[in-house]
Amino acid sequence: MRLLTHNMLACNIKGVTKGFPLAIEVTKLETKESEMNPDFLRHIYPKLDWKALHDAAHTLGLNDIPEQVEPAMLEDEDFLQKFHHALLEVHLEEGALICPETNRRFPVTKGVPNMLLNEDEV
Amino acid sequence: MRMENYSMEEMPQITFGKPAHGVPTAYLYVANCGPAVGISYSDIKKAFEVFGPVVNVQPAGTSGSRVYVSYDSVDNAVAARGAWNSVACDALEGRVMVIQHAVPQTQPSAGEQVVVSMSSVDVGIPGLTLYTDFITSEEEQELLHEVDERPWQTLAKRRVQHYGYEFLYKTRNVDLTQRLGELPSVSEPVLKKISLVPDIRNAKEPTLPFDQLTVNEYPRGVGLSPHIDTHSAFEGSILSLSLGGPCIMEFRKYINRGDSPADDNEDMRDESYGNSESMNGQKDDCLPNKSVEVIRKALFLPQRSLLILSGEARYAWHHYIPHHKIDNVNGQVLDRGTRRVSFTFRKVRPGPCSCTFIEHCDSQLSDTRTLALDSSRCSIDEGTKGYASVDSPEEGDFSNEIPYIPVETGSQPKHFNAATPEIEKRYVHKVYNAIAPHFSDTRFAKWPKVALFLESLEPGSVVADAGCGNGKYLGFNKNCFFVGCDISPPLIGICAQHGHEVFVADALHLPHRTGFCDAGISIAVLHHLSNEERRIRAIEELLRVVRPKGRVLFTVWAVEQEDKKLLTKWTPLTCKYTEEWVADTGTTFQRNLSINSLKSINEGESQISSANPCENTPKDTVLEAAQLGRSVGEADTPQQDVGDESLSSDAGIVGEAEQQEYFVPWHLPYHRAEIGGASAAALADGLAKKDDVKRALVYNRYYHCFVEGELQRLASKVQGARLVDHFYDKSNWCIILEKL
């Protein structure tokens with residue numbers, strides 16, 4: 001699971017209003033390199049909850065994601081590389097995503113989160 | 001600086017920036033007009049003066065054929081453009097000019113562009129009142145001391161405390177179920193003073209007692225994004241007490257002016273504009289073809305003052321605190337102070353809002369997107385082009401020129417209570433889990449219409465594939481980011497092996513945040529849902545996760561198969577099973593192949609038993625279907641297959657409702673079935689049957705095939721979307737919806 005995906009996932013258990021962002025429990029990470037696409041990064045940037053990305057990156061051990069972004073940074077190769085790396089190259093292979101409101105754990109196995117709800121949660 | 005004292009040559013040249021689509025300014029960018037085409041600057045000034053005093057005419061770029069014309073009022077510029085854009089201009093020998101509004105590049109602070117009033121009377125907004133020196137220094141210190149003793153909640157750029165009810169930033173509303181502590185007792189003296197204020201005592205809209213208090217601490221340089229407090233959250237007046245330091249508060253009213261003539265004429269665009277697209281890669285899609293006028297007023301809020309917003313000031317004017325460390329108040333430079341702490345007193349509204357300011361009202365507007373456009377997304381020529389969503393923790397993180405697109409412009413997903421019906425658990429989920437690898441190997445064909453949809457997406461789009469199966473379409477468009485989900489873990493495992501970004505989820509309960517994705521696809525999914533409510537819910541969910549104007553494509557198997565023989569190989573769910581398993585009934589039919597047609601098939605070893613359809617069990621008919629020469633493996637499109645024996649076409653029209661419910665067999669060859677494990681369990685369970693002739697296990701999948709018009713009819717029951725396209729393609733009914 002990439003952090004881009006993490007940025008779009010929320011706990012959708014019935015009645016939950018504060019299901020985002022999910023906390024991350026890290027058991028195993030993997031880095032898989034991919035080509036950076038600056039245009040894609042600039043396109044995706046406004047959709048992201050940056051604080052969530054920043055905090056998630058921190059949980060994953062990435063400390064070079066700034067807390068705030070100035071416009072000029074989106075033109076800076078160095079920043080873009082770090083952004084790309086955190087957003088797309090680091091994969092959570094094993095661990096869990098945890099709902100901030102209910103503490104419900106959504107396991108992540110072989111890079112795949114299981115977001116299925118139980119019958120009593122829908 | 002008075003205009004009349006300067007000759008045109010002495011007027012300071014303004015540097016212009018990117019145009020703001022649809023937002024009128026006092027400046028015009030005029031193309032096909034200038035010395036290079038035989039018109040002097042003074043000719044231009046004279047001509048354009050018809051609409052009002054022209055402050056300046058200056059060249060745009062170096063071509064000599066484009067100019068900027070500066071008026072001293074927006075209205076005059078609008079009039080000039082309205083008269084002469086793209087029409088033959090008599091005053092300039094029939095020349096046709098292309099005229100747009102230009103935006104000065106310099107970004108003055110609010111203090112320079114808008115006059116800052118010192119009293120609310122001067123501002124003149126109905127319902128806006130400011131009381132200076134509302135509390136004493138001692139009272140101020142007491143309040144500050146009290147809140148500093150209490151825990152602060154840290155947001156990105158500021159700290160807050162909430163009392164009474166919790167204000168939720170994500171939904172910009174109050175959670176009536178979350179009652180926090182009572183308002184701190186230290187606020188009582190202030191509240192008492194407030195209750196004596198005439199505007200409060202005699203308020204048209206009752207406002208006492210206040211039951212919600214938000215304390216905000218703004219460090220030096222941090223302000224507040226423009227917003228109107230959600231109508232449905234609070235009623236009556238909103239009061240703000242400023243402590244610790246002063247600030248400027250700007251008020252803005254947006255007025256839709258209706259359609260304006262088409263702006264775009266990009267080949268006339270000057271080089272100085274640079275990239276004509278905004279930062280987020282798209283044209284400003286705020287109210288295309290509509291112009292929006294903004295009225296701006298500013299008020300200085302001194303320390304210890306009380307600001308009251310009621311009526312029009314509360315419901316129809318955005319308030320905004322510029323993110324400045326120093327304010328220029330009519331020439332005087334004023335420092336913000338180390339921090340400003342505001343105490344905002346509000347009264348929670350228990351029901352919907354019924355104000356008269358409907359265009360800003362979330363209770364009365366069915367389309368909350370209109371609200372989002374109205375406030376945060378419109379580009380303002382002040383230079384701070386984008387704003388974070390109201391009171392969000394991110395506010396202040398997105399400074400100038402990075403428009404923040406609020407992801408959750410809608411409400412929380414509606415809750416859908418139905419548990420998964422047994423027929424789906426058994427004849428969809430279990431079956432796909434059992435056949436996953438084999439199924440995946442046969443999913444390779446890419447349908448042209450789906451391909452077209454995916455290829456037409458803007459680069460950088462995030463695409464949700466709900467019910468992605470083996471991930472056939474994931475990554476189809478290399479410029480887009482695909483995220484797939486499916487309810488079958490083994491199928492998702494196959495996707496993951498191919499490096500796709502996927503997770504396991506139910507298409508009826510998607511875990512995606514509302515509005516995050518740019519597009520969605522649901523390919524051959526809805527027909528596995530066993531009642532209409534669930535099918536509608538699936539449509540709603542996929543629409544929910546895409547952004548406004550995002551598009552979603554649905555494809556489903558049609559009853560009207562191109563290869564009509566195919567249906568004979570399927571097991572219609574008979575009346576008995578219809579009752580047991582399925583609540584839905586079909587609509588009127590055109591042609592119908594009923595169970596009777598199976599009887600008429602000329603097959604040596606037909607094992608069709610009795611004449612009574614309701615007594616045929618799926619097992620029997622499966623076996624019989626198997627013996628009809630079904631080849632192993634299928635494509636998505638329910639056709640192909642060996643050319644068949646003669647099928648009696650006197651199947652004709654039988655019965656009333658068209659048969660739509662089917663079990664469709666899947667043949668899993670023995671050599672593909674695992675040894676032991678799932679296959680043995682499936683056999684024992686009756687989920688699969690052995691076909692020794694074909695040397696395959698036969699599973700049944702449940703399908704509700706769609707009749708013509710049904711998919712559209714379902715879509716019409718979904719709010720917040722419009723039908724963009726519908727078509728029939730290779731035995732599938734398809735629709736494309738666009739979220740409003």
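Since we're looking at a predicted model, the values are computed, not measured. Quick note on labels: first sequence line is chain A, next is B, and so on, each numbered from 1.
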| Which atom names give the shortest non-hydrogen contact between B/Thr420 and A/Glu119, and what distance separates them? |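 For B/Thr420 versus A/Glu119, the nearest heavy atoms are N-OE2, 4.2 Å.
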Check: [Y] and [X] side chains under 4.5 Å, non-hydrogen atoms:
X        : Y        : answer
A/Leu116 : B/His509 : no
B/Phe481 : A/Leu4   : yes
A/Asn114 : B/Phe503 : no
A/Met8   : B/Cys517 : yes
B/Val462 : A/Ile44  : yes
B/His512 : A/Asn12  : no

| task | With a 4.5 angstrom heavy-atom cut-off, could you sort out which part of B/Pro459 is near chain A: side chain, backbone, both or neither? | result |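 The answer is the backbone of B/Pro459.
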| request: Side chain from CB out, backbone as N, CA, C, O: work out which of these in B/Val502 comes under 4.5 Å of a heavy atom of chain A, or both, or neither. | output: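 Backbone plus side chain of B/Val502, per the 4.5 Å heavy-atom cut-off to chain A.
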Starting at [atom1] of [X], measure out to [atom2] of [Y] and round the result to the nearest 0.5 Å.
X        : Y        : atom1 : atom2 : answer
B/Arg513 : A/Leu9   : CZ    : CG    : 9.5 Å
A/Lys51  : B/Leu155 : NZ    : CG    : 8.5 Å
B/Ser461 : A/Lys47  : OG    : NZ    : 8.0 Å
B/Phe516 : A/Thr5   : CZ    : OG1   : 8.5 Å

| query | Counting only N and O atoms by type, is there a donor-acceptor contact under 3.5 Å from the side chain of B/Glu501 to the main-chain atoms of A/Arg2? | reply |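 Checking the backbone N and O of A/Arg2 against the side chain of B/Glu501, a donor-acceptor pair under 3.5 Å is found.
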Let me have the donor-acceptor pairs involving side chains of residues 91-102 of chain A, under 3.5 Å, with sequence neighbours excluded, atom names and distances please.
unit_1, atom_1, unit_2, atom_2, d
A/Glu93, OE2, A/Lys32, NZ, 3.3
A/Glu94, OE2, A/Lys110, N, 2.9
A/Glu101, OE1, A/Thr17, N, 3.0
A/Glu101, OE1, A/Lys18, N, 2.6
A/Thr102, OG1, A/Arg104, N, 3.2

| query | If you count heavy-atom pairs under 4.5 Å with chain B, which of A/Val108, A/Leu22, A/Val112 comes out on top? | reply |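 Ranked by contacts with chain B, first place is A/Val112.
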| What pairs with A/Asp76 under salt bridge (Lys or Arg N to Asp or Glu O under 4.0 Å), at least two apart in sequence or on another chain? |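 Listed in chain order: nothing, the list is empty.
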